[in-house]
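Let me begin by presenting the structure, written as structure tokens, before commenting on it.
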Amino acid sequence: MPELPEVETIRRDLEKIITKKILIKVQVKTPILIKKPKIDEFIYKLKNILITGVTRRGKYIIIHFDTMDSLIIHLGMSGRFEYTSSNELPSKIFKKQQKHNHLFFFFKDRSRLIYNDVRKFGKIWLLEKGENLPRIENLGFEPLDEEFNFDKFYKLLVDSTKNIKQLLMDQKIIAGIGNIYANEILFNSRIHPLRKTYSLSEDEAKKIYLNIKRILVDAINLRGTTMVDESYVDLQGNTGSYGGTLNVYGKKNDTCPVCGNPLKIIRIENRSTFVCSKCQK
DNA sequence: AAAGTAACCTGCCCGC
DNA sequence: TGCGGGCAGGTTACTT
């Protein structure tokens with residue numbers, strides 16, 4: 001499910017809502033999702049502590065506490081958070097899937113946050129002060145950071161033997177782009193996903209670079225992409241509206257919105273890849 | 001070393 | 001109406 005725009009939308013909402021709340025306790029229904037530390041310690045440490053902020057790295061959400069511990073969450077394919085204030089009932093959308101509620105956070109003001117995940121591909125770690133997680137240390141550029149400038153992007157392309165879609169989706173190179181946005185970035189750039197990165201001209205690279213930034217920003221502004229199954233919704237159960245602006249992703253049996261040519265589906269690293277072979281060279 | 005495949009899960013859609 | 005196969009916003013581990 002969630003790629004950078006969806007994760008960032010959730011992060012921003014979480015930051016607004018839970019920062020400065022006191023976490024009274026957590027309840028774990030599905031211990032397998034907790035990767036670190038052992039479950040007893042996990043529950044023991046997440047008691048009576050203050051939330052000081054919520055950040056993001058790639059597709060990971062990081063909740064910070066006054067103890068200097070931090071909770072890292074990867075939503076996998078279907079992880080979602082549901083927030084309810086003290087007197088609210090769960091919203092309709094979450095009610096349908098209550099059996100997939102796995103983790104409950106109870107706050108001092110009687111509000112609560114639930115981690116829900118149909119497929120259970122999500123993963124959660126609680127790190128103590130100074131501890132780090134290799135998979136986060138190994139992430140590549142944060143694509144919306146200023147530090148990720150065109151020269152650095154172009155150098156990535158020159159140095160790689162991958163095709164451009166593989167590169168865009170490689171979290172160790174650029175963090176946060178998944179299958180939806182890789183498809184959209186390449187269609188909007190009119191570049192075929194199988195092009196070897198070293199074969200791209202500076203002009204072509206520039207188009208891709210600008211589309212990475214533009215499409216991710218646009219998608220955040222529209223609060224992400226919700227597909228029909230609603231495995232991505234925000235904390236209140238609301239859908240994102242970037243889906244309405246998708247050009248190719250998920251458009252099976254559809255035609256190119258630019259030239260009318262039927263879209264083709266190819267598989268790259270076993271992921272469906274939608275391409276207009278007339279427009280994308 | 002790169003590239004392919006299976007594994008982790010549940011649900012939905014399609015064709016027979 | 002039911003059953004089996006394939007597919008889904010992700011990532012890792014294990015093969016070739």
Side-chain angles (χ1 to χ4, degrees), chain A residues 1-11 29-36 56-61 72-81 93-94 96-102 115-125 133-140 143 159-163 165-187 193-194 196-198 215-216 218-220 222-234 239-253 265-274:
Chain A
M1 165 241 304
E3 306 181 30
L4 188 151
E6 293 76 34
V7 176
E8 176 62 13
T9 302
I10 291 167
R11 183 203 71 76
K29 257 182 60 191
T30 314
I32 190 82
L33 301 179
I34 313 300
K35 301 302 166 185
K36 215 177 187 180
R56 178 187 61 74
R57 181 75 172 92
K59 300 174 190 170
Y60 295 80
I61 293 169
I72 313 226
I73 300 129
H74 192 292
L75 300 170
M77 290 282 261
S78 52
R80 328 190 282 194
F81 277 110
I93 184 139
F94 291 114
K96 272 193 283 188
Q97 294 195 354
Q98 280 187 64
K99 65 170 161 173
H100 301 296
N101 289 345
H102 302 301
Y115 179 73
N116 174 288
D117 190 345
V118 171
R119 295 176 70 181
K120 289 181 272 191
F121 287 173
K123 294 178 167 56
I124 296 170
W125 301 259
L133 202 58
R135 65 178 75 210
I136 293 214
E137 299 301 302
N138 292 336
L139 289 171
D159 291 344
S160 172
T161 56
K162 293 177 186 292
N163 63 55
K165 188 178 182 231
Q166 287 176 312
L167 181 135
L168 292 178
M169 290 184 61
D170 187 338
Q171 305 299 303
K172 293 189 180 70
I173 300 180
I174 303 171
I177 299 173
N179 203 27
I180 294 182
Y181 296 104
N183 272 282
E184 293 300 309
I185 288 162
L186 292 172
F187 175 78
L194 288 174
K196 290 285 184 184
T197 58
Y198 55 71
I215 288 173
L216 294 179
D218 287 354
I220 292 169
L222 293 179
R223 301 183 62 77
T225 301
T226 302
M227 305 301 288
V228 279
D229 71 353
E230 294 175 330
S231 65
Y232 161 72
V233 288
D234 70 13
T239 58
S241 44
Y242 191 78
T245 78
L246 293 177
N247 281 302
V248 290
Y249 178 81
K251 310 270 179 189
K252 204 179 153 192
N253 305 322
I265 303 179
I266 59 177
R267 289 196 81 80
I268 299 178
E269 286 179 324
N270 230 8
R271 313 294 298 275
S272 287
T273 307
F274 300 81

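All values below come from the heavy atoms of this structure, side chains included, with hydrogens, waters and symmetry mates left out. Naming: A, B, ... by sequence-line order, numbering from 1 per chain.
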Which part of the nucleic acid, if any, lies within contact of [X], taking any heavy atom under 4.0 Å across all strands shown: a base, the sugar-phosphate backbone alone, or nothing?
{"X": "A/K99", "answer": "sugar-phosphate"}
{"X": "A/N270", "answer": "nothing"}
{"X": "A/E269", "answer": "nothing"}
{"X": "A/K59", "answer": "sugar-phosphate"}
{"X": "A/Y249", "answer": "sugar-phosphate"}

### Query
If only atom types and distance count, is the side chain of A/E184 paired as donor or acceptor with the main-chain N or O of A/I215 below 3.5 Å?
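It does not hold such a pair.
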
### Query
Mind pulling the stems DNA chain C is in, i.e. runs of at least three Watson-Crick or G-U pairs, everything under 3.5 Å?
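So the stems come out as B:2-8 with C:10-16, B:10-16 with C:2-8.
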
#### Entry: Any donor-acceptor N or O pair under 3.5 Å, side chains A/S272, A/R267
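Yes, side-chain donor-acceptor contact under 3.5 Å.
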
#### Entry: Parallel, tilted or perpendicular: ring planes of A/Y60 versus A/H74, cut at 30 and 60 degrees
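Ring orientation, 0 to 90° scale: perpendicular.
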
### Task
Considering non-hydrogen atoms only, spot the tightest contact between A/T30 and A/K120 and give its length.
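Closest approach of A/T30 to A/K120: CG2-CD, 4.0 Å.
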
### Message
Of the options C/dA8, C/dT12, C/dG10, whose atoms approach the side-chain atoms of A/Y60 most closely?
### Response
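So the nucleotide nearest the side chain must be C/dT12.
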
### Message
Taking the minimum atom-to-atom distance to the side chain of A/M169, which one of C/dG10, B/dA3, C/dA8 wins?
### Response
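Nearest listed nucleotide: C/dG10.
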
### Message
List the residues meeting salt bridge (Lys or Arg N to Asp or Glu O under 4.0 Å) with A/K36, not counting sequence neighbours, and say none if there are none.
### Response
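Applying salt bridge (Lys or Arg N to Asp or Glu O under 4.0 Å) to A/K36 gives A/E131.
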
### Task
Please list, chain by chain and in numerical order, all residues satisfying salt bridge (Lys or Arg N to Asp or Glu O under 4.0 Å) with A/D229, sequence neighbours excluded.
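A/D229 satisfies salt bridge (Lys or Arg N to Asp or Glu O under 4.0 Å) with no other residue.
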
### Query
Ring of A/F121 versus six-membered ring of C/dT11: centres under 5.5 Å and planes under 30°?
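Per 5.5 Å and 30° rule: no stacking.
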
### Query
In whole Å, what separates the P atom of C/dG5 from that of B/dA6?
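To the nearest whole Å, 15 Å.
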
